[in-house]
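Below is one structure, written out as structure tokens, with a few remarks after it.
Just so we're on the same page: letters track the sequence lines, and every chain starts at 1.
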There are 2 protein chains.
Amino acid sequence: MTRVLVVEDEPALRQALAINLRARRYEVPVAATGAEALTAAAQAPPDVVVLDLGLPDMDGTEVIRGLRGWTQAPIIVLSARSGQSDKVDALDAGADDYVTKPFGMDELLARLRAALRRATPDEATPLVETAHFTIDLAAKLAKTTNGPVRLTPTEWHLLEVMIRDEGKLVPQRRLLQEVWGPTYETETNYLRVYMASLRRKLEADPAHPLHLITEPGMGYRFDRHGPDGEPRTGG
Amino acid sequence: MTRVLVVEDEPALRQALAINLRARRYEVPVAATGAEALTAAAQAPPDVVVLDLGLPDMDGTEVIRGLRGWTQAPIIVLSARSGQSDKVDALDAGADDYVTKPFGMDELLARLRAALRRATPDEATPLVETAHFTIDLAAKLAKTTNGPVRLTPTEWHLLEVMIRDEGKLVPQRRLLQEVWGPTYETETNYLRVYMASLRRKLEADPAHPLHLITEPGMGYRFDRHGPDGEPRTGG
DNA sequence: CCTGGCCGTTAAGGACGCGTCAAGATTGGG
DNA sequence: CCCAATCTTGACGCGTCCTTAACGGCCAGG
């Protein structure tokens with residue numbers, strides 16, 4: 001969950017911020033002074049900080065610098081002072097945004113979303129893992145236990161369509177339509193050739209695939225976990 | 001030089017912005033309408049955009065979306081409207097900051113510095129080291145085991161886009177859009193020429209690159225560690 | 001035991017993309 | 001005005017990928 005540290009000395013506003021943010025599913029630690037803020041941030045590093053400049057114990061820019069010393073989390077400053085020099089000082093000290101009181105909650109939330117959007121572009125690229133190989137569709141990376149493997153554009157495309165409907169049967173017609181276009185609906189030859197190629201590159205034993213499964217007469221299926229028991233050898 | 005695109009229909013303010021920014025050593029193309037803005041941005045991709053929402057020809061959020069389709073450059077919105085919904089709409093459309101007119105030039109410059117500070121990759125990527133060369137994007141320094149190397153502005157830009165998504169495949173289209181602008185989407189010639197130049201300057205064996213990898217038909221990839229095994233010397 | 005359909009495998013040919021080089025155009029500075 | 005550096009543009013050889021065809025194995029039904 002995204003953690004938003006709220007630093008505000010006035011109890012009413014602190015409460016209002018915390019309630020509104022928690023309603024949006026943020027985790028919201030709060031602090032009433034600069035010292036508390038630095039302690040709280042050290043204890044549980046926030047993803048973004050909402051900071052009132054008018055704290056009782058220390059100057060706001062000092063708090064900013066104290067945070068900037070070790071974290072790059074965006075800092076959104078709240079302040080009753082609308083003078084230009086105040087804004088310039090805070091922004092140049094390392095703040096990312098400056099909102100003058102009184103402000104609307106909707107605006108603050110929008111600015112918070114904008115700050116978070118910038119700060120967290122890369123976190124999780126969806127990974128597809130099986131016992132023998134790993135696929136990262138976004139990065140276009142594939143590797144088996146034997147090392148990295150190179151796939152061609154068509155192989156990626158085919159694999160992507162199958163993984164999108166992971167576990168489910170994908171009819172031949174749909175695979176052909178999505179990868180080669182609507183005029184190739186009947187060219188099941190392509191499927192056999194490219195499925196063989198994928199299995200040769202990804203499966204431990206291409207002749208007995210565990211994850212790229214043929215459903216005779218219907219289509220193919222991607223199975224992340226493989227068959228429940230051992231592969232049938234004799235019946 | 002840092003390029004700031006100013007989009008403002010009122011001539012007096014447009015001039016004032018341009019003069020002030022140029023005095024700070026920014027390169028400042030200007031546009032008076034939304035259409036002009038998109039054209040100018042396509043011609044010379046800006047590092048940051050200052051955008052007036054009240055343009056005569058098209059809605060401000062449309063301009064934002066038009067830019068966001070292909071560039072991640074920060075967008076600072078200027079507007080005479082102080083309503084919350086206007087701010088929320090602009091910010092959620094992809095703007096990075098929202099300044100209400102009238103505003104002070106010092107404040108705008110500070111917000112511009114804050115936006116550029118975030119966008120400049122010195123926070124996330126101080127140093128990129130491989131077995132044969134080292135890249136410092138912030139300091140614009142490159143050196144190989146044979147000594148320092150001089151890269152041209154275009155080479156730096158291309159390298160920067162690849163390093164920002166280190167390890168991941170970067171599609172040709174995105175490289176072309178971010179470095180040359182959206183009108184060059186299909187000029188894959190440029191990629192070949194400049195990738196060759198980078199490899200000639202950085203790779204130990206430009207004919208067999210270990211870090212600037214081609215993914216045929218898809219794009220390129222920057223790989224800090226290189227392939228798993230040692231390069232074959234006999235083949 | 002025979003037969004036909006579906007699937008897996010392999011290889012050859014051609015289309016296309018990529019790396020490379022070099023010359024013209026453009027820009028900035030002296 | 002000239003010079004140097006950079007960017008743009010075009011041409012050519014080569015390698016990769018896609019397409020296509022042929023062949024053999026497996027299984028169901030007669």
Side-chain angles (χ1 to χ4, degrees), chain A residues 140 142 149-159 169-173 175-176 178-181 183-221 231-235, chain B residues 1 3 25 27 29 42-45 140 142 149-159 162 169-173 175-176 179-181 183-203 205-221 235:
Chain A
K140 292 281 187 293
V149 172
R150 286 175 46 97
L151 304 182
T152 71
T154 306
E155 287 162 0
W156 277 111
H157 202 165
L158 182 59
L159 189 60
L169 169 77
V170 186
Q172 296 173 340
R173 189 179 306 159
L175 290 170
L176 288 164
E178 293 212 29
V179 178
W180 282 272
T183 60
Y184 291 76
E185 265 188 21
T186 59
E187 301 285 340
T188 56
N189 237 324
Y190 292 8
L191 290 181
R192 293 204 294 278
V193 170
Y194 277 90
M195 207 59 71
S197 179
L198 280 174
R199 295 206 260 238
R200 188 172 347 129
K201 291 181 180 179
L202 295 177
E203 293 273 6
D205 181 3
H208 303 96
L210 301 177
H211 308 287
L212 298 165
I213 311 296
T214 302
E215 300 284 357
M218 303 195 291
Y220 293 85
R221 183 163 50 88
R232 311 285 178 86
T233 52
Chain B
M1 198 181 345
R3 185 180 297 136
R25 304 287 174 186
E27 182 186 339
Q43 228 169 8
K140 291 281 184 291
V149 171
R150 193 180 157 73
L151 302 183
T152 71
T154 305
E155 287 163 0
W156 276 113
H157 202 164
L158 182 59
L159 190 60
M162 292 187 62
L169 171 84
V170 186
Q172 298 170 341
R173 190 177 307 157
L175 291 170
L176 288 164
V179 177
W180 283 273
T183 60
Y184 291 77
E185 260 188 27
T186 58
E187 300 286 340
T188 57
N189 239 322
Y190 292 7
L191 289 181
R192 295 206 293 278
V193 170
Y194 277 89
M195 206 59 69
S197 178
L198 281 174
R199 295 207 259 238
R200 191 165 47 246
K201 292 181 179 180
L202 295 176
E203 293 272 5
D205 180 3
H208 303 97
L210 300 177
H211 307 287
L212 299 167
I213 310 297
T214 302
E215 300 284 356
M218 300 190 291
Y220 293 84
R221 182 197 311 274

Whole-Å gap separating P (D/dT6) and CG (B/Leu198): 13 Å
For A/Lys140 versus B/Arg221, what's the shortest heavy-atom pair and its separation? O-NH2, 2.8 Å
Atom CZ of A/Arg173 with >12 non-hydrogen neighbours under 6.0 angstrom: no
Is any side-chain N or O of A/Arg150 closer than 4.0 Å to OP1 or OP2 of D/dC17? yes
A/His157 meets the side chain to side chain contact (heavy atoms under 4.5 Å, CB included) criterion, sequence neighbours left out, with A/Val161, A/Val179
Phosphate oxygens OP1/OP2 of D/dT19: is one of them under 4.0 Å from a side-chain N or O of A/Trp180? yes
For the pair A/Glu187 and A/Trp180, evaluate side-chain contact (heavy atoms from CB on, under 4.5 Å) and give the outcome as yes or no after the intermediate values. CA-CA 9 Å; A/Glu187 301 285 340; A/Trp180 282 272; over 6 Å; no
Is a side-chain N or O of B/Gln172 found less than 3.5 angstrom from the main chain of B/Thr188, in a donor-acceptor match? no
Would you kindly compare A/Pro153 and B/Thr152 by the position of their nearest DNA chain D nucleotide and give the one closer to the 5′ end? B/Thr152
Tell me: OH of A/Tyr190 to P of D/dC18, nearest whole Å? 11 Å
Report the distance from atom CD of B/Gln43 to atom P of D/dT8, rounded to the nearest whole Å. 12 Å
Write down the distance between CH2 (B/Trp156) and P (D/dC7), rounded to a whole number of angstrom. 13 Å
Sugar-phosphate or base contact per nucleotide [nucleotides 3-25 of chain C; S, B, -; heavy atom under 4.0 Å]: ----BBBB------SBBBB----
Which atom pairs, donor and acceptor, lie under 3.5 Å between side-chain atoms of residues 189-202 of chain B and protein residues at least two apart or in another chain?
unit_1: B/Asn189; atom_1: OD1; unit_2: B/Arg192; atom_2: NH2; d: 3.2
unit_1: B/Ser197; atom_1: OG; unit_2: B/Glu155; atom_2: OE2; d: 2.5
unit_1: B/Arg199; atom_1: NH1; unit_2: B/Leu212; atom_2: O; d: 2.4
unit_1: B/Arg199; atom_1: NH1; unit_2: B/Thr214; atom_2: OG1; d: 3.4
unit_1: B/Arg199; atom_1: NH2; unit_2: B/Thr214; atom_2: OG1; d: 3.2
unit_1: B/Lys201; atom_1: NZ; unit_2: B/Arg150; atom_2: O; d: 3.0
unit_1: B/Lys201; atom_1: NZ; unit_2: B/Glu155; atom_2: OE1; d: 2.9
unit_1: B/Lys201; atom_1: NZ; unit_2: B/Glu155; atom_2: OE2; d: 3.3

Starting at atom CG of B/Leu151, determine the distance to atom P of D/dA5, rounded to an integer number of angstrom. 15 Å
Taking 4.0 Å as the cut-off, does a side-chain nitrogen or oxygen of B/Tyr194 come that near to OP1 or OP2 on D/dC7? yes
